[in-house]
Amino acid sequence: MSLETVSENRSFGGTQGVYKHRSQATGTDMTFGLFLPEAAQYGRVPVLWYLSGLTCTHENAMTKAAAQQWCDEAGIAICFPDTSPRGEDVADDDAYDLGKGAGFYVNATQDPWKPHFQMWHYVVHELPELVGDNFAVDRDAMGITGHSMGGHGALTIAMTHPDRYRSVSAFAPIANPTESDWGRKQLSAYLGDDKAAWRNHDSTLLMSERGYPGEVLIDQGSSDQFLDLLKPEALAHSMMARRQPGQFRMQPGYDHSYFFVQSFMPDHVMWHAERLI
């Protein structure tokens, strides 16, 4: 797979790059950000995958999450994929929460989304292979995190593929999408009306059914303006009922913004570093 360098900038001793490639999974050009710490000059380093939320591209977290300093200190890479396929021939919707910028990290089975919206395969299989083949990252030492829609993706992917991801965390994830307007609309559009197909993309249900073999870290702001859509209480209850090891932290006064993500990014980077290095 050919890889085009869009930009590379020195950052906290490492390098923040932006790269573009033709994706076989989505059938489109895809752009991603990758920060490599200084340690990557001397050998392969663990990699943390950061999945972004609704309306975001690869750029939002790359410029707003303030992750690079902590990743360089920990000696781990962090990759920022896009949230959906892009292009003139890619299906879209007038609503912000469906279509471009709202891939929900699933493999669509329904038209008009099916030809391009294969974000699960892209994030889990294609992009890690591409990054591992072209950069000094260790595909045997991968963690995954994300915010909002990306937190939903990180949790569901990690619980489905615990052999691939040695660590998982989430910021304000969409925790129970099968019972939320941030979920039922998108899952029915992408996967059809058979709710059995939705179960694999609901972290509350997956937590009840299988859990995660390691510890899980989740941070949620108590003043998040989207609490009724995120439904954190459903996931917290599921974790307690299963006695899932980890931490679910309700952070007083924090909302859904990247100021919240920035505030707890050091904790999340160190959480992953302790489990990957």
Side-chain angles (χ1 to χ4, degrees), residues 49-56 61 83 96-98 102-106 119-120 123 143-162 165 167-191 195-258 260-261 263-265 267-268 271-272:
W49 300 91
Y50 181 100
L51 307 186
S52 291
L54 288 167
T55 75
C56 293
T83 55
Y96 74 94
D97 57 358
L98 184 67
F104 259 75
Y105 304 102
V106 303
M119 289 302 295
W120 181 283
V123 167
I144 191 165
T145 188
H147 174 229
S148 194
M149 178 184 73
H152 138 82
L155 291 170
T156 57
I157 286 171
M159 282 189 278
T160 304
H161 295 287
Y165 302 95
S167 58
V168 62
S169 71
F171 299 87
I174 300 175
N176 194 195
T178 62
E179 299 297 331
S180 168
D181 289 340
W182 271 359
R184 287 177 297 207
K185 170 184 175 181
Q186 295 83 1
L187 295 176
S188 62
Y190 295 141
L191 302 177
K195 293 185 179 180
W198 302 4
R199 296 187 67 85
N200 291 332
H201 301 285
D202 187 308
S203 58
T204 293
L205 299 180
L206 289 178
M207 182 60 68
S208 295
E209 294 170 3
R210 63 184 75 169
Y212 180 73
E215 295 178 291
V216 175
L217 172 63
I218 298 171
D219 274 312
Q220 171 65 63
S222 68
S223 297
D224 193 314
Q225 59 270 45
F226 301 115
L227 280 174
D228 289 343
L229 292 166
L230 300 171
K231 297 189 177 298
E233 67 280 0
L235 179 57
H237 177 77
S238 183
M239 289 178 66
M240 289 298 293
R242 187 178 183 82
R243 299 179 181 177
Q244 169 68 45
Q247 299 179 41
F248 193 114
R249 309 190 301 190
M250 185 65 74
Q251 301 292 359
Y254 285 91
D255 60 16
H256 201 68
S257 71
Y258 265 99
F260 159 64
V261 175
S263 298
F264 299 100
M265 181 58 73
D267 290 358
H268 283 247
W271 173 274
H272 289 276

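Values below: every heavy atom of this structure, side chains too, minus hydrogens, waters and symmetry copies.
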Shortest non-hydrogen contact between A175 and T204, atoms and distance: O-OG1, 2.6 Å

S148 vs L230 side-chain heavy atoms within contact, under 4.5 Å: yes

Any donor-acceptor N/O pair, Q186 side chain to D97 backbone, under 3.5 Å: yes

Least distance between heavy atoms, F264 atom then D219 atom: CB-OD2, 3.8 Å

Flag side-chain contact, heavy atom, 4.5 Å: T156 against Y105: no

Heavy-atom side-chain proximity of V261 to Y50 below 4.5 angstrom: yes

Pairing of D228 and K231 as salt bridge, 4.0 angstrom limit: no

Side-chain (S222) to main-chain (G253) donor-acceptor, under 3.5 angstrom: yes

Pairwise side-chain contact, T178 with K195, heavy-atom cut-off 4.5 Å (strictly under): no

Approximate separation, where rounding is to 0.5 Å, of L51 CG and L155 CG: 10.0 Å

Test of ring centre spacing under 6.0 Å for F104 and H201: no

From CD (Q220) to OH (Y254), nearest 0.5 Å: 13.5 Å

4.5 Å side-chain heavy-atom contact, L206 and Y212: no

Under 3.5 Å donor-acceptor, S203 side chain and H152 backbone: no

Spacing of CZ belonging to R249 relative to CZ belonging to F171, to within rounding of 0.5 Å: 9.0 Å

Shortest non-hydrogen contact between V168 and A154, atoms and distance: CG2-O, 3.8 Å

Separation between CD1 of I174 and NE2 of H147, rounded to the nearest 0.5 Å: 9.5 Å

Side chain proximity check, P177 to W198, heavy atoms < 4.5 angstrom: no

Shortest non-hydrogen contact between A172 and F260, atoms and distance: CB-CE2, 3.9 Å

CG-CE distance between N200 and M159, expressed to the nearest 0.5 angstrom: 10.5 Å

For Q244 against E215, the heavy-atom pair lying closest together: NE2-CA, 4.5 Å

Test item: S238 side-chain N/O and S208 main-chain N/O as donor-acceptor pair under 3.5 Å: yes

Heavy-atom closest contact (Q225 atom, H256 atom, distance): OE1-N, 3.3 Å

Rounded distance (nearest 0.5 Å) linking atom OG of S169 with atom CD1 of I218: 8.5 Å

T83 side-chain N/O to S52 backbone N/O, donor-acceptor pair under 3.5 Å: no

Note, L235 side chain near N176 side chain (heavy atom, < 4.5 Å): no

CA sep, side-chain torsions, deciding dist, call: I157, Y165, side-chain contact (heavy atoms from CB on, under 4.5 Å): CA-CA 9 Å; I157 286 171; Y165 302 95; 3.4 Å; yes

Side-chain heavy-atom pair R199, E209 within 4.5 angstrom cut-off: yes

W182-F226 aromatic ring centre distance below 6.0 Å: yes

Neighbour count above 12 (heavy atom, 6.0 Å) for M250 CE: yes

